[in-house]
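Encoded as structure tokens, the structure appears first; notes follow it.
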Amino acid sequence: MSTASAAETTSAIEIPDRPRTLAEKVWDAHVVAKGENGEPDLIYIDLHLVHEVTSPQAFDGLRQAGRPVRRPDLTIATEDHNTPTIGIDKPIADLTSRTQIETLRRNAEEFGIRLHPLGDVEQGIVHVVGPQLGLTMPGITVVCGDSHTSTHGAFGAMAFGIGTSEVEHVLATQTLPLKPFKTMAITVEGELRPGVTAKDIILAVIAKIGTGGGQGYVLEYRGSAIRSLSMEGRMTICNMSIEAGARAGMVAPDETTFEYVKGRPHAPQGEDWDAAVAYWKTLATDEGAVFDAEVFLDANELEPFVTWGTNPGQGVSLSETVPDPATIADHNERAAAERALEYMDLTPGTPMKEIAVDAVFMGSCTNSRIEDLRAFASIIKGRKKADNVRVMVVPGSARVRLQAEAEGIDKIVEEFGAEWRFAGCSMCLGMNPDQLAPGERCASTSNRNFEGRQGKGGRTHLVSPLVAAATAIRGTLSSPWDLENAPDSVRVEEVAR
Amino acid sequence: MDKITVIEGVAVPFRRSNVDTDQIIPAQFLKRVTKTGFDDALFFQWRQDPDFILNQPAYQGAKILIAGPDFGTGSSREHAVWALRDFGFRAVISPRFADIFRGNSGKQGLLAGTVPEETVEKLWELLEAQPGMNATVDLVEKTVTVGELTVPFEIDDYTRWRLLEGLDDIGLTLRDEARITEFEATRESWRPRTLPIRSA
């Protein structure tokens, strides 16, 4: 394999002589064959992440057709959706879950795929594992049979979820036939106040553009508020792009990105590193490039955010009240709000902060990285959780768990009265033993508040790790600003409580 | 995918319209981890009835299903095509197919041909007069023959070509394999590799 010079791309097409967006640049560099007459382009896939739920039939399809995996060296598998987060040394009780896990292990063995199974030090949520190993990097294409693959766009990669037939297609050909996406700029300018985080930005964005607002688009997050976020924060934002209906979300790579990738196990080394960084620096959207749509958000005014309904677009600032559906003009949205309030058992006009919860879930591919756990721990340190609130803290990967333990976070969690678990998707989705009971209400750092998502009849309020921590302390939905003796890192004096 | 030219075998006069994919294969079978072995799941509810047409001895080993209009409506599940295929069907003839089902069929090597409603009625009458008789579906000539009756069926040219050539989506892409290989030769060496394993 040749080492191409720094700013050179490998495109099979002619690069247009006009300013291009980040998304267009990454796309253009991966076109194997340009589609004509409305046919899709054939796009090369640099990294294919695999997990147990959406891969079995894809491997079975290969087997039937007698096809090998074209590039096992661009493919990696882990177990996350079905795995328990306690008693991980025991056989998995649920038969379907166990079968899917065992099937993945057999398939990985048969097709020569690298697998990090439950119990392995690199096991974890697939979208935590890729970045942590340094496999996720700027300017690449990433796919996985999981909608939250958009997470990896935080690095300036083009990353999106695919279906099982497409998983088989990538396994067999390392390509996908795709039609180009439209582009949308989401510009967030200003400075976040202490206690306001990336999660609040993305919840506010989704509330603004709606759960269908991003359909057909790749979102590019830009502006000073995005630039000042850590990689963890950018991943949280890109992760939830799918909740706005978008296929992917991206952030242009910068020094923060390079710093995060550098030195990780699979990061480029030596001359490769220099060539990569030189190329990555060319990826940012050109001056004068045109987006198909643009959205602006003021970061200065943002407050901790929370959802009240059953889709991620149904959210308000924590200082507000449960909205009255009667005030919603759009007929369909009003009906949806009425249904949501009935399911959530909420009354219009109730201050969000008076809503008591039964559970707090700190985890998921949205918020389970080390920075998220540190933020949560910084609030709960030396305190006790509210009585009658079950609090579960689930690191995104076995590595994150180890790192957190090295920093003493496990002790802080346990002294707080919360459960410290092993890595996995856990209570984000009702596919493993971690579930809400019918009627239970949960403040959750995950990404979907759909009916029954966290367990049949469960009620979900999406929040940031800081809000999750404050809520676990007070027992009602709470902002870190509401805490007595809050740490300086989240204290805002001028905010009215 | 096997190339299809002429399919000859027992044909089933399936006097039902609006056969949705939930009837073709109920949701409880979607949890499986394979793409084959769905023959037992096909029309699971209807097969509980001993008189159901596919339970009758005359129709064992059937290869051709001749159904009423709006076949394959409802859920997009690819399993519906897998179940028909696993049961032994190679062709379904109907006056009208749901779009997603027709698309899935083409991708999975199941021939879905359309004929006018009055033609289906004629085919049913012939087949019912002599249960278990063979029919012939000729993809080259685009005809269905039952006994003395030969009628044309319709299928779009692209799908017909794919079936004649035995090309699934992957097969189609692999016709461009030389271009994929060429592209791979130009990929920069900094791009990620999962193997050999490097750990922290």
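This structure is a prediction, so every number in the text was calculated from the model and none was measured. Residue numbers begin at 1 in each chain, while the letters A, B, ... track the order of the sequences. These values consider heavy atoms only, across backbone and side chains, with no hydrogens, waters or symmetry-generated copies.
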Would you please classify the geometry between the B:Trp190 ring and the A:Tyr279 ring as parallel, tilted or perpendicular, with 30° and 60° separating the classes?
-> tilted
For the residue pair B:Phe183 and A:Val32, what are the closest heavy atoms and their distance?
-> CG-CG2, 3.8 Å
Considering only heavy atoms, which portion of A:Pro40 lies under 4.5 Å from any heavy atom of chain B: side chain, backbone, both, or neither?
-> neither
Sort A:Ala267 into side chain, backbone, both or neither according to what part of it lies under 4.5 angstrom from a heavy atom of chain B.
-> backbone
Between chain B and each of A:Arg63, A:Arg399, A:Glu122, count heavy-atom pairs under 4.5 Å; write down the option with the most.
-> A:Arg399
Separation between CD (B:Glu188) and CG (A:Asp272), nearest 0.5 Å, reads 10.0 Å
Derivation and outcome, side chain to side chain contact (heavy atoms under 4.5 Å, CB included), residues A:His30 and B:Arg187 = CA-CA 9 Å; A:His30 289 85; B:Arg187 290 178 75 239; over 6 Å; no
Can you check whether anything in residues 95-120 of chain B gets within less than 4.5 Å of chain A, heavy-atom wise, and list it by number?
-> none
So which of B:Thr36, B:Asp168, B:Ile197, B:Leu174 has the largest heavy-atom pair count under 4.5 angstrom toward chain A?
-> B:Ile197
Chain B: which of A:Leu47, A:Leu42, A:Val53 shares the most heavy-atom pairs with it under 4.5 Å?
-> A:Leu42
When you measure from the side chain of B:Arg191 to the backbone N and O of A:Gly139, does any donor-acceptor pair fall under 3.5 Å?
-> yes
Most heavy-atom pairs under 4.5 angstrom with chain B, which of A:Glu168, A:Gln132, A:His48?
-> A:Glu168
Nearest heavy-atom neighbours spanning A:Gly61 and B:Lys35 | CA-CD, 3.7 Å
A:Pro56 and B:Val33: which non-hydrogen atoms are nearest, and at how many Å?
-> CB-O, 3.2 Å
Taking heavy atoms only and a threshold strictly under 4.5 Å, list by residue number the residues of residues 61-92 of chain B that touch chain A; give 'none' if the list is empty.
-> B:Glu78, B:His79, B:Trp82, B:Arg85
Distance-only, no hydrogens or angles: does the A:Gln57 side chain make a donor-acceptor pair with backbone N or O of B:Thr34 under 3.5 Å?
-> yes
Determine the sole option in B:Asp176, B:Ile170, B:Leu172 for which the side chain to side chain contact (heavy atoms under 4.5 Å, CB included) test with A:Thr173 is passed.
-> B:Ile170
So, A:Asp73 side chain and B:Thr194 main chain: donor-acceptor pair closer than 3.5 Å or not?
-> no
Do B:Leu195 and A:Pro72 have side-chain heavy atoms sitting under 4.5 Å apart?
-> yes
How would you list all residue pairs meeting salt bridge (charged side-chain N to carboxylate O under 4.0 Å, His left out) that involve residues 141-150 of chain B, not counting sequence neighbours?
-> none
Greatest number of heavy atom pairs closer than 4.5 Å to chain B - which of A:Thr75, A:Ile113, A:Thr164, A:Leu133 = A:Thr75
Residues of residues 97-109 of chain A with a heavy atom under 4.5 Å from any heavy atom of chain B, in residue-number order, are A:Thr99, A:Gln100, A:Thr103
Which atoms of A:Ala65 come close to chain B, meaning under 4.5 Å heavy atom to heavy atom: side chain ones, backbone ones, both, or neither?
-> neither
Can you name the closest pair of heavy atoms from B:Arg198 and A:Pro265 and give their distance?
-> NH1-O, 2.9 Å
Over 12 non-hydrogen atoms of neighbours within 6.0 angstrom of CD in B:Gln48 = yes
With respect to chain B, which residue among A:Ile76, A:Ile140, A:Val121, A:Leu176 yields the maximal number of heavy-atom pairs within a distance under 4.5 Å?
-> A:Ile140
Closest non-hydrogen atoms of B:Glu184 and A:Arg70, given as atom of the first, atom of the second and distance, are OE1-NH2, 3.0 Å
